[in-house]
Number of protein chains: 2
Amino acid sequence: MQHKPNIVDIAEITGFSITTVSRVLNGKGEKYRISKATREKIKSVADELKYVPNEFARNLRIGKSKTIALIVPSLKNPFFAEIASVVNNEVRKYGYITLIGDSDDQVENEKNELSHLTSRSLDGMIVVPCGEEWDHLVKVQENGLPLICIDRYFEDTSLSYVSSDNYDGAYSATKYLIEQGHTDIACIQGVRYSMPNIQRVKGFADAMKNAGIDAYTVTGDAFTEQNGYLETKLLLSRGKRPSAIFAFSNMIAMGCLKALKEENVRIPEAISLITFDDNPYMNYIDPPLTCISQPVEDICKIAVKILFSHILDDDKKPKHVLLKCMLKVKESVKNVSYSF
Amino acid sequence: MQHKPNIVDIAEITGFSITTVSRVLNGKGEKYRISKATREKIKSVADELKYVPNEFARNLRIGKSKTIALIVPSLKNPFFAEIASVVNNEVRKYGYITLIGDSDDQVENEKNELSHLTSRSLDGMIVVPCGEEWDHLVKVQENGLPLICIDRYFEDTSLSYVSSDNYDGAYSATKYLIEQGHTDIACIQGVRYSMPNIQRVKGFADAMKNAGIDAYTVTGDAFTEQNGYLETKLLLSRGKRPSAIFAFSNMIAMGCLKALKEENVRIPEAISLITFDDNPYMNYIDPPLTCISQPVEDICKIAVKILFSHILDDDKKPKHVLLKCMLKVKESVKNVSYSF
DNA sequence: TCATACTGCTCAAACGATTGTTCTTTAATT
DNA sequence: AATTAAAGAACAATCGTTTGAGCAGTATGA
């Protein structure tokens with residue numbers, strides 16, 4: 001293979017200067033009054049040679065990399081995979097590319113990825129933080145790199161975030177359970193200090209209190225299948241089983257399903273289950289799970305939009321956006337109003 | 001924030017030349033006989049300034065980017081999300097990073113991503129090709145960029161690939177169905193010309209023939225839920241329904257489930273279902289789906305290993321690896337041997 | 001006829017690193 | 001003392017683009 005065609009080759013072939021070629025190829029031909037004939041000739045040669053600009057050279061020169069990074073706790077979790085997919089596609093629309101970092105839910109990894117990725121002169125960053133620390137994120141931002149948190153976030157910091165209205169989501173889910181006659185409800189939570197979790201617990205608790213129910217269980221400590229499994233096992237071994245379980249994530253719900261299945265507890269006959277997060281599989285689970293669906297696509301789109309307003313418009317004001325969730329009623333919650 | 005410290009700043013502060021600084025920072029101090037005192041001084045200043053080399057300048061100069069790209073049909077498909085996750089993590093171990101491209105299963109997008117990504121001076125590429133064309137892939141390789149296909153691949157080309165032994169997988173699945181007494185089996189295939197599909201059809205057909213069964217159905221044309229749904233609908237509307245369906249992917253299986261549910265056809269009582277691909281959700285579906293599980297993790301690990309042998313060891317020989325699948329018996333296939 | 005303005009394009013300096021070559025100084029050898 | 005070798009460091013070209021400034025040549029207006 002010869003060398004990749006560059007702007008110099010095109011200049012030599014067309015007989016114009018490098019400057020002219022560069023300007024035409026950057027769509028600045030009009031601006032610099034380069035004749036139409038010239039523009040067309042350069043473009044056609046570029047096409048013919050399948051010229052692709054060397055991003056490194058360009059980036060070196062202009063100091064922008066047209067690259068953003070996305071750090072998620074785990075791509076294996078369909079929830080984050082969807083985030084990655086949407087973010088990736090949205091970012092492409094701006095002509096940027098996405099570097100994906102996987103923190104495996106460890107703050108240490110998150111920090112490593114952060115420093116590894118920032119050496120690539122990123123233009124922006126979207127993070128689903130996995131810990132309760134945000135100093136390293138703020139520092140990145142203070143160094144001039146626009147950064148946005150999605151899903152999980154921190155209040156009272158200068159960091160922008162886009163997330164679901166977790167409080168409202170949890171409140172509606174709980175309200176729905178109560179309307180269906182449930183009073184003995186246990187929720188299995190995720191990582192305790194994480195903002196979505198805090199809000200969900202609050203929404204859950206408020207809904208209970210507002211219904212005049214003071215006794216409820218909040219247990220668990222991770223957004224994992226294992227946590228869901230163990231906590232459900234424990235709940236089932238209690239003297240009085242709750243009539244409904246509220247799982248705070250899809251993974252937790254899977255753990256619940258596993259435990260319930262093992263113990264031969266039928267859903268929703270023996271126990272009702274409602275969960276946060278939706279995904280296509282939910283429809284084919286036995287039974288289809290009633291869930292609180294997060295507007296993942298919108299969250300990502302808005303996050304990307306804000307990120308680019310930070311990058312391109314130099315609008316550095318931190319923005320905080322919460323989007324409403326949707327209750328999707330399926331078949332995993334039983335109406336127990338009249339069954340004493 | 002001032003400007004990011006660069007090698008020139010360090011040179012000025014320490015009083016040494018740019019060359020010397022560069023050599024020290026690249027660990028070539030010994031080689032160029034730079035005194036220990038000098039080395040230490042330079043390093044300490046670099047530390048103090050938190051110097052991070054500008055990857056673009058370096059890449060521009062040396063033509064390597066410590067970056068590989070992965071192109072998948074869709075991150076939303078858990079099967080590819082897992083691939084992305086594993087590849088990403090493996091690649092990190094080499095100190096490289098991964099750019100992820102999403103072709104949305106359109107060859108045109110694949111080509112675009114390809115040219116877009118190659119402008120970033122990649123060091124290597126892993127692709128799950130989505131079409132029946134490979135010219136653009138071969139061309140990339142001929143341009144000196146190591147490239148490996150995973151999952152989907154092409155024979156008789158110079159491209160390396162790592163994939164499942166789809167023939168064997170389909171053969172075992174079919175054999176299993178036959179052992180369970182099924183003779184009227186329909187399989188719903190994916191993209192026709194794709195190698196996994198071709199091999200699966202062959203495996204399926206051979207197993208049937210070897211069992212002396214000459215009548216069977218092969219239908220469908222995409223690895224999508226919609227295809228699974230439509231084809232199942234059609235199968236159900238036939239005069240004589242098959243006793244078992246073999247779905248060629250997780251997505252197709254979901255479509256089958258949807259259609260079967262709509263038509264109130266119970267699995268496995270009324271019809272048996274077996275599918276390619278496994279994932280955690282499979283266990284909680286009603287009923288848990290018997291499936292052919294692909295060794296995704298191993299496929300990715302081997303692919304990355306081969307890729308880096310191409311990149312680092314300059315071993316350019318194309319390698320072809322097929323890994324065995326595993327039959328996971330769950331509850332979606334009924335033994336109909338004695339039920340006439 | 002001479003400024004002036006516009007057209008259409010080119011020069012050359014950056015961007016930040018790497019690296020083959022070269023230079024100077026000191027030490028070792030004859 | 002003269003020659004050679006080694007040590008320690010610097011020069012300057014280079015990677016492929018972008019871009020402010022500049023330069024001919026032609027057209028316009030007074």
Side-chain angles (χ1 to χ4, degrees), chain A residues 2-43 45-46 49-67 95 118-121 123, chain B residues 2-43 45-46 49-67 118-123 143-144:
Chain A
Q2 307 61 288
H3 82 141
K4 261 181 117 173
N6 61 24
I7 208 173
V8 179
D9 299 329
I10 299 181
E12 276 168 3
I13 294 174
T14 58
F16 294 104
S17 73
I18 296 177
T19 304
T20 301
V21 173
S22 170
R23 293 197 161 126
V24 168
L25 263 23
N26 281 300
K28 297 184 181 161
E30 297 255 25
K31 190 174 158 198
Y32 286 94
R33 304 171 315 244
I34 289 161
S35 70
K36 199 162 182 198
T38 303
R39 295 207 302 261
E40 280 171 358
K41 182 160 182 200
I42 290 177
K43 277 184 190 156
V45 170
L49 261 51
K50 303 206 177 195
Y51 166 76
V52 181
N54 180 317
E55 289 291 336
F56 290 127
R58 157 180 280 160
N59 298 338
L60 175 58
R61 179 61 231 245
I62 65 185
K64 303 248 155 249
S65 61
K66 287 207 162 199
T67 301
T118 47
S119 81
R120 304 244 169 188
S121 319
D123 292 344
Chain B
Q2 305 64 289
H3 86 136
K4 265 180 119 172
N6 60 25
I7 207 172
V8 179
D9 299 329
I10 299 182
E12 277 168 2
I13 293 173
T14 58
F16 294 104
S17 74
I18 297 177
T19 306
T20 301
V21 174
S22 169
R23 292 198 163 126
V24 169
L25 264 23
N26 281 299
K28 297 184 181 163
E30 297 256 24
K31 189 174 159 197
Y32 286 96
R33 305 171 315 242
I34 291 164
S35 69
K36 200 164 182 197
T38 304
R39 295 208 301 261
E40 279 171 0
K41 182 160 184 199
I42 290 177
K43 276 184 190 156
V45 171
L49 263 50
K50 297 196 186 213
Y51 168 75
V52 180
N54 180 318
E55 290 288 338
F56 294 127
R58 156 180 281 158
N59 297 338
L60 174 58
R61 181 60 233 250
I62 65 184
K64 303 249 156 250
S65 60
K66 285 206 162 200
T67 300
T118 48
S119 76
R120 305 248 170 183
S121 321
L122 300 174
D123 293 344
N143 278 354

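Keep in mind it's a predicted model, so treat the numbers as computed, not measured. Below, read A as the first sequence line, B as the second, and so on, with proteins coming before strands; counting in each chain starts at 1.
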Rounded interatomic separation in angstrom, taking [atom1] from [X] and [atom2] from [N]:
| X | N | atom1 | atom2 | result |
| --- | --- | --- | --- | --- |
| A:Leu25 | D:dT17 | CG | C1' | 11 Å |
| B:Lys36 | D:dA7 | NZ | P | 16 Å |
| B:Lys4 | C:dC15 | NZ | P | 16 Å |
| B:Glu55 | C:dT18 | CD | C1' | 13 Å |
| A:Arg58 | D:dC15 | CZ | C1' | 16 Å |
| A:Asn59 | D:dC15 | CG | P | 18 Å |
| B:Arg120 | D:dG16 | CZ | P | 17 Å |
| B:Lys31 | C:dT18 | NZ | C1' | 11 Å |

A:Asn26 near the nucleic acid: base, sugar-phosphate alone, or nothing, with a heavy-atom cut-off under 4.0 Å?
sugar-phosphate

Touch check for A:Lys28, heavy atoms < 4.0 angstrom, all strands: base, sugar-phosphate only, or nothing?
sugar-phosphate

For [Y], is there any backbone N or O sitting under 3.5 Å from a side-chain donor or acceptor partner on [X]?
| X | Y | answer |
| --- | --- | --- |
| B:Ser65 | B:Ser121 | yes |
| A:Arg39 | A:Ile34 | yes |
| A:Asn6 | A:Val8 | yes |
| B:Ser22 | B:Ile18 | no |

What string of B, S and - do you get for nucleotides 8-14 of chain D, 5' to 3', when a contact is any protein heavy atom under 4.0 Å?
BSBBBBB

Please find the pair of heavy atoms, one from A:Lys64 and one from A:Asn59, that lie closest to each other, and give the distance.
O-OD1, 2.6 Å

Give me the atom names and distance for the closest heavy-atom approach of A:Ser17 to A:Ala11.
C-CB, 3.9 Å

Whether B:Asn54 contacts C:dG16 is assessed here as follows: a side-chain N or O lying under 4.0 Å from the phosphate OP1 or OP2. Is that the case?
no

Electrostatic pair A:Lys43-A:Glu40, nearest N-O below 4.0 angstrom:
no

Side chain to side chain contact (heavy atoms under 4.5 Å, CB included) between A:Val24 and A:Tyr32: does it pass, once the steps are laid out?
CA-CA 9 Å; A:Val24 168; A:Tyr32 286 94; over 6 Å; no

Taking it one step at a time, do A:Ile10 and A:Leu25 satisfy side chain to side chain contact (heavy atoms under 4.5 Å, CB included)?
CA-CA 10 Å; A:Ile10 299 181; A:Leu25 263 23; 4.1 Å; yes

Among D:dT17, C:dA17, C:dC15, find the nucleotide with the atom closest to the side chain of A:Val8.
D:dT17

How large an angle, rounded to 10°, do the end axes of the helix from C:dT1-D:dA30 to C:dT30-D:dA1 enclose when each is built from five base pairs?
60°

